[in-house]
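What follows is a set of notes on a single structure, which appears directly below.
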There are 2 protein chains.
Amino acid sequence: MQRKRVTLRDLAEHLNINTSTVSRALSEKSSEMISPDVVKRVKKAALEMGYKQNAAAYALKMGSTKTIGMIIPDLMNPVFPPIIRGIQSVLDRYGYTAFLAYSENNEITAHTEVERLISRGVDGIIYAAAFRTDSVVDLCKSQGVPLVLVNRVVDQGDVDTVKVDDSLGIKMAVDHLLELGHRKIGFIAGPKNISVSYIRLRAFTQTMAEHDLEVEPHRIVEAHALSEDAGEKAMSVFLGQNSDATAIIASNDLIALGCYTALRQFGYTCPKRLSIVGFNNMPYLDWFATPLTTVSIPHFQMGERSAELLLKRIKSGNLDFNEEVLLKPKLVIRGSTAPVVRRKKKSDAS
Amino acid sequence: MQRKRVTLRDLAEHLNINTSTVSRALSEKSSEMISPDVVKRVKKAALEMGYKQNAAAYALKMGSTKTIGMIIPDLMNPVFPPIIRGIQSVLDRYGYTAFLAYSENNEITAHTEVERLISRGVDGIIYAAAFRTDSVVDLCKSQGVPLVLVNRVVDQGDVDTVKVDDSLGIKMAVDHLLELGHRKIGFIAGPKNISVSYIRLRAFTQTMAEHDLEVEPHRIVEAHALSEDAGEKAMSVFLGQNSDATAIIASNDLIALGCYTALRQFGYTCPKRLSIVGFNNMPYLDWFATPLTTVSIPHFQMGERSAELLLKRIKSGNLDFNEEVLLKPKLVIRGSTAPVVRRKKKSDAS
DNA sequence: CACTTTAGTGCAAACGTTTGCGTTAATCAA
DNA sequence: TTGATTAACGCAAACGTTTGCACTAAAGTG
């Protein structure tokens with residue numbers, strides 16, 4: 001019915017006062033320069049007539065859209081919904097609204113998505129799909145758009161980031177396996193152009209080294225993506241060249257799932273023949289036939305912190321300074337890891 | 001660095017022509033009234049100088065923001081991500097961008113979220129969180145904002161909707177259980193103020209009736225939400241009053257999961273003691289210890305169709321006519337359903 | 001009482017677009 | 001060659017805000 005929205009001018013005419021007065025009366029910060037009486041009348045009329053500020057006009061005038069953009073690699077990965085919720089929870093408190101975009105784990109689509117968001121006038125961007133070198137950070141910097149990286153970071157460049165201590169997470173995973181008696185441990189890495197997979201892999205070899213365990217090259221195979229599919233393929237080649245391994249760590253829960261199926265295809269069983277530990281603690285793992293031991297990260301909190309950081313940056317307007325918040329992971333032990341079983345050798349009576 | 005974005009005027013000055021010419025040269029539809037030569041020069045300069053249309057100015061002038069809002073009850077429910085992807089996939093093709101909002105399954109927060117989106121100037125709304133009577137449809141109608149309901153619909157009111165044939169889905173579930181020999185079948189319903197739970201429950205009793213099976217009242221218990229938690233509680237009371245039931249249908253996969261845990265608490269096992277079938281076919285069910293038999297719905301396609309419908313409505317501008325698209329579900333049989341086992345009666349030798 | 005201060009409000013420009021209309025120069029018909 | 005048509009472009013208004021400045025009347029100052 002009411003196709004035409006009511007504007008400030010409408011209110012002004014109705015009250016026989018000037019548009020500017022109405023504007024000021026409605027604005028928190030300048031309502032004090034208007035007589036309390038008028039303010040009251042304006043607010044009343046605004047409510048009655050159903051006035052809603054025109055966001056486009058405000059944005060045009062003020063140069064701020066009160067929106068931010070968030071780019072995630074893939075919504076299908078159940079890790080991201082909680083992060084998004086965390087982001088929204090703080091955004092809501094400050095009257096911000098978020099655009100959602102996916103990169104499909106592709107840097108150039110990520111780049112174009114960011115461009116789109118920028119031309120939509122977002123006040124800032126939360127980027128969860130970064131590669132270790134990523135043109136998006138330069139793009140944002142050149143356009144003067146605040147940016148915060150979450151989870152995945154870049155090798156160099158001064159950017160605000162919130163991430164979890166991946167190295168610590170892997171260390172906990174390794175320690176857990178060592179305690180169970182495992183020594184021949186493999187690692188299914190993610191693409192090394194993504195910070196998390198790179199760091200996790202490095203942390204793996206490092207932690208092993210600290211325990212005087214050298215990891216030979218064939219113990220490590222890289223999946224071409226942080227996905228179930230890629231994990232399965234990688235695990236297949238791993239199993240082909242590691243008949244003696246007793247445990248593996250996957251760069252990712254999704255990869256770990258892929259490992260499950262590869263394992264099954266080889267007729268092996270987990271954790272009897274091979275222990276597996278993942279990373280991320282995605283939802284519903286508890287329900288699985290073999291519940292995955294994994295490193296849990298504080299998804300929701302990551303979202304919250306990144307949103308807070310971004311809003312702070314937007315408010316200050318100073319993009320030259322930046323910050324890094326580091327969150328702690330936690331090991332969640334489930335059924336996919338078990339003590340190593342001493343397998344019978346050929347001529348062994350025991 | 002380049003804090004100031006380049007505008008149409010900048011381009012015009014740089015080329016020594018009028019702003020209007022630049023605008024027309026860049027616009028697909030009016031570029032033909034400009035000499036090809038000028039068009040070429042303008043486009044070149046626009047590219048070089050990095051011109052990006054100011055979305056706010058465009059929106060203000062044209063009254064269209066090229067954005068839509070989507071409201072879903074809960075991002076944590078893994079059913080929605082695929083729907084969102086479906087929506088985005090068609091939105092992208094038409095230069096639209098989507099705001100994402102949650103209702104937390106609460107009608108008033110849904111209402112306020114919709115109000116927020118409307119005041120942001122969205123061109124339309126995709127609403128996946130409707131109750132059977134929902135103020136949002138009146139709100140949108142009164143504001144002249146195109147609206148399409150997806151999955152959940154309202155009892156009355158002329159609205160565009162895309163949903164799946166819930167009745168058919170339930171019928172398939174019931175038929176499946178009957179074929180397995182089950183007769184004492186229970187139903188864990190969702191809140192009856194939500195269309196899907198209401199319809200599914202009705203379809204259950206109806207299908208049973210068609211097979212001359214009367215379902216007694218104690219065979220049906222209503223969960224207070226479409227969630228795991230609510231499902232568990234409801235299943236507990238169900239088991240308390242149905243020691244003889246051999247199968248149950250849950251209004252929802254999440255509820256079905258709740259049934260699993262309640263079952264375990266009672267020391268029962270599925271499907272040996274009780275068969276369970278869910279609804280929605282959420283991701284990762286295949287991995288579960290007892291993979292859930294469930295009714296699969298075309299999530300992605302639902303998203304696509306609803307976005308197409310909305311854009312069509314936006315384009316036509318005629319909100320008086322409306323449409324309903326009905327998608328077909330599919331039964332996915334997994335390990336949570338099994339033939340009924342004939343239990344020994346007290347004095348029975350067999 | 002004459003003066004300056006101040007509180008309250010109005011005026012008008014500006015943000016960056018799009019578009020109806022007016023203007024010019026070139027093309028056409030005769 | 002002259003008048004009418006047309007192709008290409010410029011002018012200026014408008015979308016709904018916000019805000020610096022000007023203005024009026026009341027209050028304060030001596």
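Convention: sequence-line order gives letters A, B, ...; per-chain numbering from 1.
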Check step by step if side chain to side chain donor-acceptor pair (under 3.5 Å) holds for Ser20(B) and Asn18(B). CA-CA 5 Å; Ser20(B) 61; Asn18(B) 191 275; 2.9 Å; yes

Would Thr65(A) and Arg120(A) satisfy side chain to side chain contact (heavy atoms under 4.5 Å, CB included), going step by step from the backbone distance to the final call? CA-CA 9 Å; Thr65(A) 54; Arg120(A) 280 230 174 271; over 6 Å; no

With salt bridge (Lys or Arg N to Asp or Glu O under 4.0 Å) as the criterion, how do Arg85(B) and Asp74(A) come out once you've worked through the C-alpha distance, each side chain's angles and the decisive distance to 0.1 Å? CA-CA 9 Å; Arg85(B) 286 206 43 163; Asp74(A) 179 16; 3.7 Å; yes

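Across all their heavy atoms, Ser103(B) and Thr109(B) have their closest contact at O-OG1, 2.5 Å.
Judged by distance alone, with hydrogens and angles left aside, Ser20(A) brings a side-chain donor or acceptor within reach of the base of dC11(C), the pair sitting under 3.5 Å.
Taking atom CE on Met33(A) and atom P on dT24(D), their separation rounds to 20 Å, with Å as the unit. Atom CG of Leu26(A) is separated from atom P of dT17(D) by 9 Å (rounded to the nearest Å). The interatomic distance linking Asp10(B) (CG) with dA14(C) (C1') rounds to 15 Å, in whole Å. Rounded to whole Å, atom P of dG16(C) lies 10 Å from atom OH of Tyr51(B). Rounding to whole angstrom units, CG of residue Leu15(B) and C1' of dA8(D) are separated by 16 Å. In this structure, the OH atom of Tyr58(B) is 21 Å from the P atom of dA14(D), given to the nearest Å. Note: CD (Glu28(A)) to P (dT19(D)) measures 14 Å, nearest angstrom. Rounded to a whole Å, the CZ atom of Arg9(A) is 13 Å from the C1' atom of dC11(C).
Listed candidates were dA12(C), dT17(C), dG10(D). Nearest to the side chain of Ile17(B) is dG10(D). Ranking dT9(C), dT19(D), dG16(C) by closeness to the Val38(A) side chain, first place goes to dT9(C). The nucleotide whose nearest atom lies closest to any side-chain atom of Thr19(B) is, among dG10(D), dT18(C), dG16(C), dT18(C). Which of dT17(D), dT18(C), dC11(C) sits closest to the side chain of Leu8(A) comes down to dT17(D). Nearest nucleotide to the Lys61(A) side chain, out of dC15(C), dC9(D), dC15(D): dC15(C). For Leu60(B), taking side-chain heavy atoms from C-beta onward, the closest of the listed nucleotides dT19(D), dC15(D), dT18(C) is dC15(D). The listed nucleotides are dG20(D), dT18(C), dT17(D); the one nearest the side chain of Arg24(A) is dG20(D). Closest to the Thr21(B) side chain, of the nucleotides dG16(D), dC11(C), dG10(D), is dG10(D).
Neither OP1 nor OP2 of dT17(C) sits under 4.0 Å from any side-chain N or O of Asn54(B). Dashed line: the shortest gap from a side-chain N or O of Asn18(A) to OP1 or OP2 of dT9(C) is not under 4.0 Å.
Side-chain contact between Asp160(B) and Asn322(B): present, with at least one pair of heavy atoms (C-beta onward) separated by less than 4.5 Å.
Within 4.0 Å (heavy atoms only), Lys29(A) reaches no atom of the nucleic acid at all. Across all strands shown, Met62(B) has heavy atoms under 4.0 Å from sugar-phosphate atoms exclusively, and none from any base. Backbone-only contact: Ser35(B) has heavy atoms under 4.0 Å from sugar-phosphate atoms and none from a base. The residue Ser23(B) sits close to a base: some heavy atom pair falls under 4.0 Å.
For the side chain to side chain contact (heavy atoms under 4.5 Å, CB included) with Leu26(A), the qualifying choice from Thr21(A), Leu11(A), Val39(A) is Leu11(A), the only one to do so.
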